[in-house]
Amino acid sequence: MEDQETVIAGRIMSLRTHGKASFADLMDSSGRIQLYLRINTLGEEGYGLFQTLDIGDIIGVTGRVFKTRRGEISVEVKDLKLLSKSLRPLPEKWHGLKDVDLRYRQRYVDLIVNPEVRDVFIARSRIIQSLRNFLIERGFLEVETPMLNVIAGGANAKPFVTHHNALDMDLYLRIAPELYLKRLLVGGFERVFEIGKNFRNEGMSTKHNPEYTSCELYQAYADAEDMMRITEEIFAHVAKEVVGSTKITFQGEEIDLTPPWPRKPMLEAIKEYSGVDLSGLTDEEARRLAKEKGISVPAQASYGNVVEEFFDAFVEPNLIQPVFITDHPVEVSPLAKRKKDNPQLTDRFEPFIVTWEVANGFTELNDPIDQEQRFRKQMEQRDRGDEEAHMMDEDYIRALEYGMPPAGGLGIGIDRMVMLLTDSPSIRDVLLFPHMRPR
RNA sequence: GAGCCAUUAGCUCAGUCGGCAGAGCACCGGACUUUUAAUCCGGGUGUCCCGCGUUCGAAUCGCGGAUGGCUCACCA
């Protein structure tokens, strides 16, 4: 490159003027380069224009590449054009923009002055691309299903409500694409996936944003075990491609994503960490045990609710290295197939890493009669005031009545996956424009 | 939704006991033809988050509110 003529454009990030010669740093999306400007090469007029420039202005230059006395590759500018004027001063060059409120609200400024922020979003794009390629290579078809739903199904969550004027009816923003994707299995697509936003009308935290991205995939003639294998393969594959290794560091903790990950039934995990054996109890026995152990559960809590509470309290905080928790109670898994040898439990799994649930999968319930009963149970909970209980979806039942092939399904929380792989402690660090209360 | 903490110049931050509102960077003027957190000289650009109160006097104390962060609760 040395001694070659070049044409570049970018934003001025710093200025060092020395009278009749000056240095400037120019930044574009590929990085920074130093400019050297002399009155001898630019002429009175060109150098005069340069002297009116501010940090933040976007300019285009032509010039010759050379190495300075201190060995820095630079461009000696022969011609210079102001392309865009910056009217507002940029944050300080040394400390950058730290105020998190401003960083999120004015992400454009954050991206200009904090280069590591840009790197996170480049990584996010690569992670999603890597995941997409992985699935397409394995014969999965990428599809798009409705985000405006008459029934918000596929998860237990409070939906956002919106209104369709022409039809004069309320609609829900989807909380999960699950039921649509399984209709596609009925229709004959054997491997489908969708990457997209879900919307949940719930609290926000370092791990929750009202709109978030998931990847759901469904494979006919597969089961939960197949889905666990694909889960660990996805994480290993993406980590290798984006981070360069299946061993990653998260907030100082070494995490080994190398497959296979251990499998542990939920009841066994609870027994291991709390000493309590919850297997085979009635609702009432389970509630009594919860009270004994100081776990608060609603008076109406089912066996499954109690198990979940025990799990959250005793087990979850300990799950740092990847592990699949399996065999969730049927009451908290209304779309999963029951275990053949224990109808109280389902053939379901959730992988945990750094105490987060990073995905959720199971052998899909394809028995329309059992599914209808499960929906009815959910409706009862709804009637008792549980706003997050599943809605009845009669069309989904009808689809199952045509016959859905046995299948495995998996949903991955993309934001959490990106947090993990970019060592980001807050979901807001991996969302370009996280939800904020308006100012 | 609850608790704790924060909010001062465009940005990063000081501000003591209640007594004239401060620094660095950025910006403006001047010097300087290989610097790189350039240097040197001069210039402070402000709704001290908002409101009410206490006081001779409030950035500072009290009450109420706004916004944000963290923790907890709910969830993925």
Side-chain angles (χ1 to χ4, degrees), chain A residues 12-26 32-42 47 51-56 66-76 86-106 109-110 112-114 154-159 175-176 178 197-216 296 298 308-309 312-313 316 332 350-353 355-361 386-388 411-417 419 425-429 434-439:
Chain A
I12 299 173
M13 296 307 289
S14 66
L15 289 169
R16 294 176 292 285
T17 61
H18 297 263
K20 297 190 174 66
S22 299
F23 294 89
D25 288 334
L26 197 69
R32 281 187 185 224
I33 191 162
Q34 177 169 265
L35 304 182
Y36 178 49
L37 307 101
R38 293 203 310 162
I39 196 162
N40 302 28
T41 28
L42 270 171
Y47 201 75
Q51 285 174 315
T52 68
L53 297 179
D54 294 317
I55 290 174
F66 75 110
K67 206 178 260 180
T68 63
R69 211 179 272 165
R70 300 284 181 90
E72 179 160 347
I73 300 287
S74 308
V75 174
E76 182 175 13
S86 171
L87 297 179
R88 293 177 185 266
L90 285 177
E92 202 217 354
K93 62 183 169 191
W94 193 240
H95 299 94
L97 184 65
K98 283 189 174 164
D99 185 308
V100 281
D101 187 32
L102 276 183
R103 286 187 43 221
Y104 298 145
R105 287 183 198 276
Q106 301 179 23
V109 180
D110 192 27
I112 292 170
V113 298
N114 296 326
N156 294 78
K158 263 179 261 173
I175 55 175
E178 172 154 354
K197 289 270 180 83
N198 296 324
F199 306 87
R200 299 193 179 178
N201 207 340
E202 290 160 0
M204 297 152 61
S205 77
T206 49
K207 287 184 238 10
H208 300 87
N209 196 63
E211 52 180 299
Y212 72 98
T213 302
S214 76
C215 172
E216 287 201 9
S296 70
E308 215 170 35
E309 293 293 335
D312 290 350
E316 209 176 63
V332 295
E350 289 176 316
F352 283 82
I353 307 175
T355 75
W356 308 337
E357 179 194 342
V358 292
N360 177 25
D386 181 358
E387 285 180 90
E388 296 182 4
I412 299 173
I414 296 297
D415 308 289
R416 285 185 186 180
M417 187 181 201
M419 288 165 71
S426 168
I427 194 169
R428 290 178 169 162
D429 296 328
H435 185 74
M436 302 288 277
R437 207 180 290 252
R439 265 265 162 100

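So that the names make sense, note that chain A is the first sequence line, chain B the second, and so on, each numbered from 1. This is a predicted model, so every value here is computed, not measured.
- Atom CD of A:Q51 is separated from atom P of B:G30 by 9 Å (rounded to the nearest Å).
- Under the 4.0 Å criterion applied to side-chain N and carboxylate O atoms, A:E76 and A:R38 are assigned as salt-bridge partners.
- Looking at A:D415 and A:K207, no side-chain N of the basic residue comes within less than 4.0 Å of a carboxylate O on the acidic one, giving no salt bridge.
- Straight-line distance from the CG atom of A:L53 to the C1' atom of B:C27: 14 Å, rounded to whole Å.
- Proximity note for A:F23 (side chain, C-beta onward) versus B:U35, B:C74, B:G10: the nearest is B:U35.
- Rounded to whole Å, the separation between the P atoms of B:G53 and B:G30 comes to 49 Å.
- Pair assignment for B:U55 gives none, since no Watson-Crick or G-U wobble pairing has each distance under 3.5 Å.
- Applying the 4.0 Å criterion to OP1 and OP2 of B:A26, one finds that A:K93 has a side-chain N or O inside that range.
- As rounded to the nearest Å, B:C48 and B:A14 have C1' atoms that lie 13 Å from one another.
- One atom, CZ of A:R38, and another, P of B:U33, lie 11 Å apart when rounded to the nearest Å.
- Ring planes of A:Y36 and A:F66: tilted class, angle from 30 to 60°.
- For A:E92, taking side-chain heavy atoms from C-beta onward, the closest of the listed nucleotides B:C27, B:A37, B:C11 is B:C11.
- Note that NZ of A:K197 is 8.0 Å distant from CG of A:N209, once rounded to the nearest 0.5 Å.
- Of the candidates B:G10, B:C28, B:A76, the closest approach to any side-chain atom of A:P89 belongs to B:G10.
- A side-chain N or O of A:Y104 and one of A:D429 form a donor-acceptor pair less than 3.5 Å apart.
- If you check B:U34, B:G68, B:A38 against the side chain of A:Y36, the one that comes closest is B:U34.
- Distance noted for atom P between B:G18 and B:G57: 16 Å (whole Å).
- Atoms CE (A:M13) and C1' (B:C11) sit 12 Å apart, rounded to a whole Å.
- Within 4.0 Å of A:D54, counting heavy atoms only, lie sugar-phosphate atoms of the nucleic acid but no base atom.
- An aromatic stack links A:Y212 and the base of B:A76, using centre distance under 5.5 Å and interplanar angle under 30°.
- Listed pair A:R16 / B:A38 meets the phosphate criterion, a side-chain N or O lying under 4.0 Å from OP1 or OP2.
- The distance from atom NE2 of A:H18 to atom P of B:U39 is 9 Å, rounded to the nearest whole Å.
- Considering only the side chain of A:P91, B:C11 comes nearest among B:G68, B:C32, B:C11.
- Taking atom C1' on both B:C50 and B:A59, the two are 14 Å apart, rounded to the nearest angstrom.
- Atom P of B:A73 sits at a distance of 30 Å from the matching atom of B:C13, rounded to the whole Å.
- Dashed line: the shortest gap from a side-chain N or O of A:R70 to OP1 or OP2 of B:U35 is under 4.0 Å.
- With salt bridges taken as basic N to acidic carboxylate O contacts below 4.0 Å, one links A:D101 and A:R105.
- For the pair A:E357 CD and B:A76 P, the interatomic distance rounds to 6 Å; values are reported in whole Å.
- Nucleotide B:C17 has no partner under the Watson-Crick or G-U criteria, as no pair reaches both atom distances under 3.5 Å.
- Contacts of A:T206 with the nucleic acid, taken as non-hydrogen atoms under 4.0 Å apart, involve only primed sugar atoms and P, OP1 or OP2.
- Among the protein residues, A:L102 comes within range of the sugar-phosphate backbone only, with heavy atoms under 4.0 Å from sugar or phosphate atoms but none that close to a base.
- Residue contacts for A:F66: at a heavy-atom cut-off of 4.0 Å it reaches a base atom on one of the strands shown.
- As rounded to whole Å, 12 Å separates atom C1' of B:U33 from atom CG of A:L37.
- Nearest nucleotide to the A:D101 side chain, out of B:U33, B:G68, B:U35: B:G68.
- Ranking B:U12, B:C74, B:U33 by closeness to the A:D99 side chain, first place goes to B:U12.
- In this model, no donor atom of one side chain and acceptor atom of the other lie less than 3.5 Å apart for A:R70 and A:Q34.
- Residue A:V100 places its side chain closer to B:G68 than to any other of B:C27, B:A76, B:G68.
- Look at B:A2: its Watson-Crick or wobble partner, with both distances under 3.5 angstrom, is B:U71.
- Between the P atoms of B:C52 and B:U60, the separation comes to 13 Å (whole Å).
- A distance of about 16 Å separates the P atoms of B:A38 and B:G24, rounded to the whole Å.
- Between A:H95 and A:E72, the residue whose closest nucleotide on RNA chain B is further toward the 5' end is A:H95.
- The side chain of A:R105 contributes an N or O atom lying less than 4.0 Å from OP1 or OP2 of B:G68.
- Residue contacts for A:G411: at a heavy-atom cut-off of 4.0 Å it reaches no nucleic acid atom on any strand shown.
- In this structure, the ring of A:Y212 has its center no less than 6.0 angstrom from the ring center of A:F199.
- Using N1 to N3 plus N6-O4 or O6-N4 for Watson-Crick, or N1-O2 and O6-N3 for G-U wobble, each under 3.5 Å, B:A23 pairs with B:U12.
- Pairing of B:G64, defined by two Watson-Crick or G-U wobble distances under 3.5 Å, is identified with B:C50.
- Using the Watson-Crick or G-U wobble rule with both distances under 3.5 Å, B:G42 pairs with B:C28.
- Between A:S426 and A:D415, it is A:S426 whose nearest contact on RNA chain B lies nearer the 5' terminus.
- Across B:U12 and B:A26, the matching C1' atoms stand 11 Å from one another, rounded to whole Å.
- Scanning both residues, A:N156 and A:E202, for their nearest heavy atoms gives O-OE2, 4.4 Å.
- Atoms CD (A:E76) and P (B:U34) sit 12 Å apart, rounded to a whole Å.
- Here the nucleotide nearest the side chain of A:I39, chosen from B:U33, B:A26, B:U35, is B:U33.
- Note on A:D386: nothing from the nucleic acid sits closer than 4.0 angstrom, heavy atoms only.
- Across all strands shown, B:A37 forms no Watson-Crick or G-U wobble pair with both distances under 3.5 Å.
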